[in-house]
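Okay, so here's the structure we're looking at.
Just so it is clear, the model here is predicted, and its values are computed rather than measured. Values below: all heavy atoms of this structure, side chains included; hydrogens, waters and symmetry mates excluded. Numbers here simply count residues along the sequence, with the first being 1.
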Amino acid sequence: MALLALTAVAPCSINEQIYEQTIADYIQTDQYGQWMDLGFIVLSMKTRACTTTESIRILLKNREKERSEAIAAEEAILLNMKLQMDNRIKSGNISGIIKEIYKTNIDFSKQRIEALRKANPSEIGLYKGLDPNMLLGIYVTCKYRISIQWGNAHQEQRETFLLTPDGRKVIGKDKQENAEEQPFKFVKTELSKYYGIELT
């Protein structure tokens, strides 16, 4: 999913009230649908839109990072195999069959590295036909306080929530403040589930 930098989201106070109520209900409702008063109080809130373009930017950024990491890991494996083979050749402790196995594995590793280098992370068939500015959701990074142990103690948390475009339902959340930069948790998994579409 792509993410193109988005300048928008300076929600008006009415929207912030909606987001706050949605998050408050989500935090104070358990897995069985039972609501309990935890004295939820918002301490700070930062919002950001998640559009089609925005989602794609994030996906491409992460795919490129994953490709670079995969290449580095495969190059380390290749180097290790070469060193092992060279050391065994120098020591004379290698049979013809084992040497061929090393060569086969080395060739396979080289091919994998070449394939990774040629891969085009921009080749994504996601969102075909969708308006680039289509609003998929709202990111709300919220610092809040709740009461624990029957109100005798307080706990503060900072989490990022992904809300539906109308702000009335939580699609997913992450404790990391930069959660909107992690598409496989938020954009890919949560939006796929919510919208019922396959995002690969």
Side-chain angles (χ1 to χ4, degrees), residues 1-31 33 35 38-70 119-146 155-200:
M1 314 181 152
L3 237 310
L4 174 64
L6 191 67
T7 51
V9 181
C12 60
S13 59
I14 184 66
N15 282 346
E16 288 185 342
Q17 291 173 18
I18 292 172
Y19 304 157
E20 182 174 337
Q21 185 60 56
T22 299
I23 293 171
D25 289 342
Y26 180 84
I27 293 298
Q28 297 179 116
T29 302
D30 66 19
Q31 59 183 324
W35 188 87
L38 297 177
F40 178 89
I41 297 175
V42 169
L43 303 176
S44 66
M45 180 185 292
K46 182 177 68 175
T47 62
R48 183 162 173 258
C50 172
T51 63
T52 300
T53 303
E54 182 77 354
S55 299
I56 293 171
R57 181 187 70 78
I58 285 178
L59 181 61
L60 293 181
K61 174 184 173 182
N62 280 266
R63 282 191 172 181
E64 184 56 47
K65 179 184 176 184
E66 289 175 355
R67 180 174 69 164
S68 296
E69 290 174 347
N120 183 358
S122 66
E123 290 178 356
I124 53 176
L126 310 176
Y127 299 132
K128 269 193 173 176
L130 291 186
D131 183 342
N133 297 315
M134 176 181 173
L135 184 63
L136 300 175
I138 302 290
Y139 291 117
V140 180
T141 298
C142 180
K143 182 179 180 181
Y144 62 87
R145 185 173 65 211
I146 56 175
Q155 183 180 70
E156 291 186 4
Q157 298 221 38
R158 183 187 300 274
E159 297 180 303
T160 296
F161 300 85
L162 178 58
L163 309 185
T164 52
D166 62 6
R168 298 184 182 279
K169 180 178 175 60
V170 174
I171 299 175
K173 71 168 184 172
D174 196 294
K175 290 185 180 297
Q176 298 187 51
E177 191 169 356
N178 66 337
E180 63 266 30
E181 292 294 327
Q182 302 173 49
F184 294 103
K185 275 191 176 178
F186 260 19
V187 182
K188 183 173 185 293
T189 305
E190 303 301 345
L191 288 179
S192 292
K193 282 192 301 186
Y194 182 73
Y195 286 102
I197 52 180
E198 184 62 29
L199 302 174
T200 58

Which heavy atom in [X] sits nearest to a heavy atom in [Y], and how many Å separate them?
{"X": "Asp25", "Y": "Thr29", "answer": "O-OG1, 2.5 Å"}
{"X": "Ala24", "Y": "Phe40", "answer": "CB-CD2, 3.4 Å"}
{"X": "Ala49", "Y": "Tyr139", "answer": "O-CD1, 4.2 Å"}

In Å and rounded to the nearest 0.5 Å, what is the [atom1] to [atom2] distance from [X] to [Y]?
{"X": "Asp166", "Y": "Ile18", "atom1": "CG", "atom2": "CD1", "value": "7.5 Å"}
{"X": "Thr47", "Y": "Leu163", "atom1": "OG1", "atom2": "CG", "value": "9.5 Å"}
{"X": "Lys173", "Y": "Leu162", "atom1": "NZ", "atom2": "CG", "value": "13.5 Å"}
{"X": "Glu69", "Y": "Glu64", "atom1": "CD", "atom2": "CD", "value": "10.5 Å"}
{"X": "Thr53", "Y": "Met134", "atom1": "OG1", "atom2": "CE", "value": "11.5 Å"}
{"X": "Leu136", "Y": "Thr52", "atom1": "CG", "atom2": "OG1", "value": "4.5 Å"}

Is any side-chain heavy atom of [Y] closer than 4.5 Å to one of [X]?
{"X": "Gln157", "Y": "Ile27", "value": "no"}
{"X": "Thr22", "Y": "Val170", "value": "yes"}
{"X": "Ser44", "Y": "Arg158", "value": "yes"}

Who passes side-chain hydrogen bond (donor to acceptor under 3.5 Å, both in side chains) against Gln28, sequence neighbours left out?
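Once residues adjacent in sequence are excluded, Gln28 has no partner under the side-chain hydrogen bond (donor to acceptor under 3.5 Å, both in side chains) criterion.
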Can you tell me how the ring of Tyr144 sits relative to the ring of Phe161, calling it parallel under 30°, perpendicular over 60° and tilted otherwise?
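Geometry flag for Phe161 against Tyr144: tilted rings.
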